[in-house]
Amino acid sequence: MGDQGTGRDHLSKAEINKDTIQATAEAAAGAVGEVATIITKAVKDVAGAIGGFATEVFEIRESARRAGEEHGTD
């Protein structure tokens with residue numbers, strides 16, 4: 001009687017296909033999650049860099065304005 005007595009489960013082709021699709025979907029979801037995390041971090045890092053640059057530009061302009069006032073070149 002086939003696999004009786006061997007301790008092995010007999011899986012139908014349909015169940016094997018279902019398990020394959022499920023494992024593939026889980027792997028895809030994990031990959032999408034990882035990519036989303038990478039993109040989110042990248043956007044955050046870019047926003048931080050742009051904000052830091054804007055702060056530096058503001059400070060440079062403010063320093064130039066003060067220097068102009070001190071030297072009478074308003």
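Remember, predicted model here, so these are calculated numbers, not experimental data. Index from 1, following the sequence.
- In terms of the salt bridge (charged side-chain N to carboxylate O under 4.0 Å, His left out) criterion, residue partners of Lys41 (sequence neighbours excluded) are, by chain and number, Asp45.
- In this structure, CZ on Arg66 lies 9.0 Å from CD on Glu69, to the nearest 0.5 angstrom.
- Atom CD1 of Ile39 is separated from atom CD of Glu34 by 12.0 Å, given to the nearest 0.5 angstrom.
- Remark: Glu59 engages no residue in a side chain to side chain donor-acceptor pair (under 3.5 Å) (not counting sequence neighbours).
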CA sep, side-chain torsions, deciding dist, call: Arg61, Val57, side chain to side chain contact (heavy atoms under 4.5 Å, CB included)
CA-CA 6 Å; Arg61 289 180 66 190; Val57 169; 4.1 Å; yes

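- Linking Ile, Leu, Val, Met, Phe, Trp and Tyr residues whenever their side-chain heavy atoms come within less than 4.5 Å leaves Ile21 and Leu11 in two separate clusters.
- Applying the side chain to side chain donor-acceptor pair (under 3.5 Å) test to Glu26 and every residue at least two apart in sequence or in another chain returns Gln22.
- A salt bridge is defined here as a Lys NZ or Arg NE, NH1 or NH2 lying under 4.0 Å from an Asp or Glu carboxylate O, and Arg65 with Glu62 meets this definition.
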